[in-house]
Amino acid sequence: CFLFFCFKDSLCKVTNEVKTVQFEDTNQFLVIYQCDSNGDFKKTQCDLTGTYCWCVDKEGNAQQSSLKSKELFTGICEASEDSSLNDEKHHHHHHHHHDSSKNN
């Protein structure tokens with residue numbers, strides 16, 4: 001949805017508003033959140049100085065453990081998201097071996 005009014009309800013607002021992101025180790029970074037064309041947060045966000053990057057969830061919350069210096073950061077957000085989606089598909093196969101044996 002590329003029309004301008006579609007962004008009204010999107011989670012990620014395309015603004016130049018500078019936010020402060022707090023990480024567990026008390027590092028604070030200034031960031032202008034980057035959004036994709038759907039109005040979602042881009043999975044990778046980087047601080048204003050371009051020194052550090054991290055992954056965010058759908059709400060734009062930083063994943064604390066993902067903080068890395070930018071030169072070490074190579075698309076790990078997309079990679080981790082893909083594998084987690086695949087895992088969820090596998091979890092739908094429930095094997096009830098124990099239940100069936102009780103019915104004998």
Side-chain angles (χ1 to χ4, degrees):
C1 175
F2 294 98
L3 298 174
F4 182 71
F5 63 80
C6 298
F7 284 107
K8 276 208 184 81
D9 296 319
S10 61
L11 291 167
C12 189
K13 303 289 189 284
V14 183
T15 66
N16 288 325
E17 193 179 342
V18 178
K19 307 274 193 189
T20 304
V21 180
Q22 176 81 48
F23 282 89
E24 282 163 2
D25 53 7
T26 69
N27 280 331
Q28 282 194 339
F29 297 102
L30 296 176
V31 60
I32 294 176
Y33 282 110
Q34 304 297 307
C35 310
D36 66 17
S37 55
N38 295 324
D40 295 319
F41 287 95
K42 288 190 176 171
K43 294 188 185 74
T44 305
Q45 302 289 339
C46 299
D47 76 319
L48 284 180
T49 64
T51 313
Y52 283 94
C53 300
W54 56 89
C55 307
V56 298
D57 63 16
K58 292 270 188 285
E59 281 79 45
N61 300 311
Q63 296 172 12
Q64 296 284 342
S65 59
S66 66
L67 182 67
K68 295 227 182 348
S69 65
K70 191 162 188 175
E71 52 269 21
L72 296 174
F73 212 95
T74 51
I76 61 171
C77 303
E78 283 78 2
S80 62
E81 170 119 334
D82 290 346
S83 60
S84 69
L85 289 175
N86 292 338
D87 290 345
E88 281 173 26
K89 290 196 189 95
H90 295 312
H91 287 301
H92 291 311
H93 301 293
H94 297 296
H95 299 291
H96 297 295
H97 294 303
H98 300 298
D99 298 343
S100 57
S101 60
K102 279 177 197 140
N103 295 336
N104 292 343

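Considering only residues two or more places apart in sequence or on other chains, Lys19 meets the side chain to side chain donor-acceptor pair (under 3.5 Å) condition with Glu17. Legend: residues meeting side chain to side chain contact (heavy atoms under 4.5 Å, CB included) with Gln28, ordered by chain and number and at least two apart, are Thr20, Gln22. Under the side chain to side chain contact (heavy atoms under 4.5 Å, CB included) criterion, Cys46 pairs with Thr44, Cys53, Lys70, sequence neighbours left out.
In terms of heavy-atom proximity, Ser66 sits nearest to Gln63 at OG-O, 2.6 Å.
Distance CZ/Phe41 to SG/Cys55: 14.5 Å, rounded to 0.5 Å. Separation of atoms SG (Cys12) and CD (Glu59) is listed at 11.5 Å; rounding is to 0.5 Å.
Apart from Val18 itself, the hydrophobic cluster it occupies contains Leu30, Ile32, Leu48, where clustering links Ile, Leu, Val, Met, Phe, Trp and Tyr at side-chain heavy-atom distances under 4.5 Å.
For residues 45-55, the side chain to side chain donor-acceptor pair (under 3.5 Å) pairs, not counting sequence neighbours, are Asp47-Thr49, Thr49-Thr51.
Listed for the Asn38 side chain is no donor-acceptor partner under 3.5 Å among the backbone atoms of Asp40.
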